[in-house]
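Not measured: the values here are computed from a predicted model. By convention in this document, chain letters (A, B, ...) are assigned in the order of the sequence lines, proteins followed by strands, and residues within each chain are numbered from 1.
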Amino acid sequence: MKKIFGYPESLTPSHTHYCPGCTHGTIHRLVAESLDELGVRERTVGIAPVGCSVLAYNYFNCDMFEAAHGRAPAVATGAKRCRPDLVLFTYQGDGDLASIGTAEIIHAANRGEKITVIFVNNAIYGMTGGQMAPTTMPGQVTTTCPFGRNTEHEGHPIRVVEMINTLETPAFLARVSSHTPLHVIEAKKAIREAFRLQVEGVCFSMVEVLSICPTNWGLTTAESNKWLEETMMPYYPLGVLKRPAVDRAPDPMAIALPEGV
Amino acid sequence: MAKVLMKGCEAIGEAAIRAGCRNFFGYPITPQTEVPEYLAKRFPEVGGIFVQAESEVAAINMLYGGAGVGKRVLTTSSSPGISLMAEGVSYIAACHLPIVLVNIVRAGPGLGGILPAQSDYLQATKGHGHGDYKLLVLAPSSVQEAVDLIYEAFDLADQYLTPVMVMGDGMIGQMMEPVEFPEMRDLGSLPSKSWAATGARGRKPNIINSLYLKEEACNANSWKLKEKYDEIVKKEKRSEAYACDDGELDVLMVAYGTMARICKTAADEVRREDKKKIGVFRPISLWPYPYEALAAEARKAKRILVVEMSTGQMVEDVQLAVLGSKPIDFYGETGGVVPSPDDVAAKLRE
């Protein structure tokens with residue numbers, strides 16, 4: 001009998017600490033499937049951030065670092081420059097990457113580090129209990145903007161991949177979402193392509209994944225999905241922003257659907 | 001090997017290469033910028049990788065990554081930059097990773113000045129970043145000694161799996177002296193690192209981590225570090241006693257680095273002209289501090305004079321060494337003011 005679906009080898013068989021409704025688990029799986037399909041698990045090193053996914057080093061079944069808040073792209077830079085044969089990825093949230101780690105992500109991208117960055121944007125600080133993030137939407141209520149984000153006072157949400165897209169350095173930059181099965185399939189394509197480009201030594205690659213946070217948004221999962229679609233997606237448009245020219249056949253595994261589906 | 005005339009910072013860069021380091025991450029800051037400049041030019045000849053980081057914060061985290069994948073890594077900076085690196089060094093120490101960092105100290109606090117000073121003593125020896133960790137700190141007093149200590153620092157870092165700091169001052173970094181370099185280390189002879197994050201091929205994943213949410217585990221890591229530091233204290237104290245071997249001393253000076261060298265000249269001058277017996281005790285390891293060796297020399301002295309290019313940061317350690325048995329005076333200038341041998345001799349004559 002042919003096995004058409006299973007648990008990715010690149011994930012450890014553990015229960016995560018993520019809240020009900022959170023999409024971190026799904027996004028972990030997309031990363032793990034990509035590593036499995038590209039056959040690189042045994043030469044992959046991941047960098048966990050500070051934030052909700054701080055314990056990601058327990059969930060990925062590959063060598064891992066736990067970095068200081070925002071510094072994952074610098075840690076990945078050091079590791080990759082010292083060992084260019086390794087596959088390096090960072091897994092970061094919006095507080096980590098878009099606030100305290102802005103300098104590290106911009107300069108890693110600008111140097112064209114051959115690393116893959118998975119950036120999970122749920123418009124709020126989750127781990128510390130729902131504070132304002134640089135990606136918090138105007139009017140969105142958090143514990144540190146209890147009357148709603150006031151753009152006069154806190155500025156506007158930062159569109160990180162658009163900002164990085166202004167750099168001349170070649171890169172693969174995409175924004176996807178994780179709130180519906182169809183979006184998850186598209187997210188998988190982007191994440192797999194991001195890793196593939198690194199494995200081929202082409203460029204820096206980064207995928208921003210829009211995610212929900214029912215716990216800190218104070219909404220049900222269904223309401224959260226609706227809020228993401230109606231509030232976040234118009235401001236954070238989905239799609240591939242930049243793709244380097246690569247002379248090769250299309251990825252045959254890009255849509256990782258099992259046979260017969 | 002024949003001696004070559006070299007600037008301190010450039011000699012430090014070459015010594016790191018000799019020690020088997022092929023990865024440098026750093027950020028320009030006076031008065032140590034000649035190290036990154038030298039390595040940017042020299043590394044391609046030996047297959048080394050030089051990265052100019054966007055900040056000292058990023059640079060030290062690049063070292064975290066490089067050390068974690070098992071390579072000998074170096075950064076050099078000067079006082080304000082070392083302050084920025086405190087966060088990363090704390091993580092590196094907590095993760096038991098070997099790195100070598102060099103502080104070519106300039107005057108502080110704040111932006112201070114770019115001239116030589118010794119005002120980072122307390123930062124280096126008592127508390128750099130957060131948490132229960134220590135730096136092994138070595139202080140050269142010549143360009144040759146800087147070369148020798150850099151070469152050894154990489155071995156010490158690997159032996160104890162800990163950050164090692166070589167702390168010079170602007171004088172050590174900027175002056176030119178003849179130096180003889182040790183042999184080029186065979187990269188194949190460097191210690192293997194089974195704990196490194198190099199890909200989980202045929203083994204369980206290696207995790208480089210300093211997060212312990214369970215208090216017992218966090219407590220255990222701090223005590224594991226302490227155990228290592230106790231061993232370093234036992235085995236790695238280094239010092240030099242200069243002109244201390246002819247009976248009772250009128251004055252024992254205590255100084256390190258460039259200041260110790262100036263004190264030796266002053267001691268010679270006062271011995272010659274005033275027929276007074278003056279000795280100099282020079283700590284080479286600032287942490288662990290050579291308390292016992294200093295106490296042994298201090299027993300021979302009528303009084304002690306601590307001389308530093310700071311407002312007296314090392315005095316407490318000298319007090320701990322002599323435990324009130326001898327009077328201790330202090331003479332210091334800082335901000336880039338370097339006392340001359342005559343200045344020190346005048347203090348000896350007071």
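Contact annotation for A:Ala68: both backbone and side-chain heavy atoms come within less than 4.5 Å of a heavy atom of chain B. For B:Ala59, no part lies under 4.5 angstrom from a heavy atom of chain A. Both the backbone and the side chain of B:Ile207 come within contact range of chain A, judged by heavy atoms closer than 4.5 Å.
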Donor-acceptor pairs, chain B vs chain A, cutoff 3.5 Å:
unit_1   : atom_1 : unit_2   : atom_2 : d
B:Glu54  : OE1    : A:Arg111 : NH1    : 2.8
B:Tyr64  : OH     : A:Glu66  : O      : 2.6
B:Glu87  : OE1    : A:Arg71  : NE     : 3.0
B:Thr198 : N      : A:Asp63  : OD2    : 2.9
B:Gly199 : N      : A:Asp63  : OD2    : 2.8
B:Ala200 : N      : A:Glu42  : O      : 3.4
B:Arg203 : NH1    : A:Asp63  : OD1    : 2.8
B:Arg203 : NH1    : A:Asp63  : OD2    : 3.3
B:Arg203 : NH2    : A:Asp63  : OD2    : 2.7
B:Asn206 : N      : A:Asp63  : OD1    : 2.6
B:Asn206 : O      : A:Met64  : N      : 3.0
B:Ile208 : N      : A:Met64  : O      : 2.8
B:Ile208 : O      : A:Glu66  : N      : 2.8
B:Asn209 : ND2    : A:Tyr57  : OH     : 3.2

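With contacts defined as side-chain heavy-atom distances shorter than 4.5 Å, the pair B:Leu213/A:Leu55 qualifies.
Legend: residues meeting salt bridge (Lys or Arg N to Asp or Glu O under 4.0 Å) with B:Glu45, ordered by chain and number and at least two apart, are B:Arg42. Under the side chain to side chain contact (heavy atoms under 4.5 Å, CB included) criterion, B:Lys126 pairs with B:Leu122, B:Tyr291, B:Asp317, not counting sequence neighbours. By the salt bridge (Lys or Arg N to Asp or Glu O under 4.0 Å) test, B:Lys226 pairs with B:Asp230, sequence neighbours left out.
Your options are A:Val54, A:Val75, A:Val45, and the one with the most heavy-atom pairs under 4.5 Å with chain B is A:Val75. Chosen from A:Ala108, A:Gly78, A:Ala67, the residue pairing most often with chain B at heavy-atom distances under 4.5 Å is A:Gly78.
When every heavy atom of B:Pro205 is checked against every heavy atom of A:Cys62, the shortest pair comes out as CB-O, 3.2 Å. A:Phe65 and B:Gly65 get closest at one heavy-atom pair: CZ-O, 3.5 Å.
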Step-by-step side-chain contact (heavy atoms from CB on, under 4.5 Å) determination, B:Val73 to A:Cys82: CA-CA 9 Å; B:Val73 289; A:Cys82 285; 4.0 Å; yes
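Around the CG atom of B:Leu211, the shell of radius 6.0 Å holds more than 12 heavy atoms that belong to other residues, nucleotides or ligands.
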